[in-house]
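This report concerns only the one structure given below.
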Amino acid sequence: MKFINKILLAVLAVLVIIQFIQPEKNVNPGPQPNAIFEHYPASDQVQAIVKKACFDCHSNNTNYPWYANVQPIAWWINDHVEDGKRHLNFSEFATYKPKKANHKLEETFEQVEQHEMPLESYTWIHSEARLTAEEQKLLIDWAKSTRASIPVPETSEEH
Ligand code: HEC
C-alpha cells in the first residue's frame with residue numbers, strides 16, 4: 001500500500017474512533033427557578049431575542065443542530081458552550097450577587113453595542129441570531145434598565 005494511502009486510512013480510523021467520544025450535552029429540562037426572566041421583567045420580544053441569540057451558549061439549555069453530533073465539531077461547540085456559560089449563565093442569573101449581576105448586564109449591552117456578541121462564528125450559521133439594529137436596541141435598552149434596577153452595595157464605606 002502506498003504511504004499516502006496508509007496516512008489516509010489512519011486519519012479515517014481516528015475520525016471514526018472519535019465519533020464515540022462525545023462531550024456531555026448542555027440539556028437540562030425542567031424548571032429553571034434562577035433564570036433571569038423569572039426575576040427581572042422583560043417584554044416577550046426581548047425574551048425572544050435573548051433566547052434565539054444568546055441562550056445556546058449562555059443558558060442551561062442548548063438547542064443543538066444535527067452536526068453537533070459529529071466529531072470534532074461537537075468538541076468545538078462544547079468549548080463555546082462551556083466557556084460562554086462560565087462567563088455568563090442567564091439560567092443561573094438569580095444566583096449572582098448584586099455586584100456581579102450588575103456588572104454582567106453592563107457587559108451584556110457593551111458586548112451587543114460593540115457587535116462582539118453573539119459570536120460571529122455562530123451567526124454565520126445561525127442567521128436567525130443576526131440581530132437587526134432594532135433588536136439590538138431593544139436588548140441594549142432592556143439590559144441598561146434592568147442593570148439600573150440592581151443596586152450595587154457600597155463596598156468602600158461601612159456604615
Ligand atoms: C456561540 C456561543 C455564544 C453565543 C451565541 C453568545 N455568546 Fe456571549 N460569550 C460566548 C463565549 C465563548 C464567551 C467568553 C469568551 C469571550 O468573551 O469571547 C462569551 C462572553 C460573553 C460576555 C462577557 C461576560 C464576561 O463578563 O466576561 C457577555 C456579556 C456575553 N457573552 C453576552 C452575550 C449575549 C448578550 C449574547 C446574545 C446576544 C451572546 N453572548 C451570545 C459565547 C457566546
Side-chain angles (χ1 to χ4, degrees), residues 15 18-156:
L15 275 175
I18 62 174
Q19 300 313 314
F20 295 96
I21 315 165
Q22 294 282 346
E24 205 182 318
K25 289 246 166 34
N26 179 41
V27 177
N28 298 281
Q32 304 287 330
N34 296 318
I36 189 158
F37 300 130
E38 300 290 327
H39 298 263
Y40 301 98
S43 68
D44 289 350
Q45 222 180 343
V46 166
Q47 294 196 27
I49 293 168
V50 178
K51 280 178 187 161
K52 74 171 178 179
C54 319
F55 264 37
D56 274 353
C57 304
H58 293 290
S59 87
N60 287 339
N61 281 291
T62 303
N63 194 1
Y64 287 96
W66 63 266
Y67 50 80
N69 294 311
V70 181
Q71 289 288 33
I73 302 172
W75 281 323
W76 183 70
I77 292 178
N78 189 53
D79 264 6
H80 274 159
V81 173
E82 293 284 307
D83 199 19
K85 268 176 79 177
R86 202 173 41 244
H87 281 83
L88 171 64
N89 187 347
F90 285 123
S91 301
E92 303 293 345
F93 198 84
T95 65
Y96 295 167
K97 294 208 168 73
K99 190 175 171 206
K100 182 171 172 182
N102 184 295
H103 178 65
K104 292 294 169 186
L105 285 169
E106 180 184 19
E107 290 278 336
T108 294
F109 66 74
E110 280 177 7
Q111 296 278 339
V112 176
E113 274 172 350
Q114 292 158 12
H115 305 281
E116 298 279 345
M117 288 288 152
L119 289 181
E120 213 178 307
S121 58
Y122 178 80
T123 51
W124 189 65
I125 301 164
H126 295 256
S127 53
E128 76 284 357
R130 277 178 219 148
L131 302 182
T132 63
E134 191 200 345
E135 288 174 320
Q136 284 174 346
K137 188 176 183 311
L138 283 168
L139 181 49
I140 290 165
D141 288 350
W142 166 79
K144 283 185 176 168
S145 64
T146 306
R147 178 182 177 226
S149 76
I150 306 174
V152 178
E154 296 283 340
T155 44
S156 50

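Atoms within a ligand are numbered from 1 in the order they appear, just like the ligands themselves. Predicted model, so just to flag it, every value in this text is computed and none were measured.
- Between the side chain of Q19 and the backbone N or O of L15, at least one donor-acceptor pair lies under 3.5 Å.
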Need the list: ligand 1 N/O atoms against protein N/O atoms, distance under 3.5 Å, rounded to one decimal.
residue	atom	partner	partner atom	Å
ligand 1	7 (N)	H58	NE2	2.8
ligand 1	9 (N)	H58	NE2	2.9
ligand 1	26 (O)	K104	NZ	2.6
ligand 1	31 (N)	H58	NE2	2.8
ligand 1	40 (N)	H58	NE2	2.8

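- Looking at N34, its side chain never comes within 3.5 Å of a backbone N or O of T95 through a donor-acceptor pair.
- Remark: A42 engages F37, V46, Q47, W142 in a side-chain contact (heavy atoms from CB on, under 4.5 Å) (not counting sequence neighbours).
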List the steps, then state whether salt bridge (charged side-chain N to carboxylate O under 4.0 Å, His left out) holds for D141 with K144. CA-CA 5 Å; D141 288 350; K144 283 185 176 168; 5.7 Å; no

Between K25 and T62, does the side chain to side chain contact (heavy atoms under 4.5 Å, CB included) criterion hold? Intermediate values first, please. CA-CA 8 Å; K25 289 246 166 34; T62 303; over 6 Å; no

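- You'll find the side chain of Y64 stays beyond 4.5 Å of the side chain of D56, heavy atoms only.
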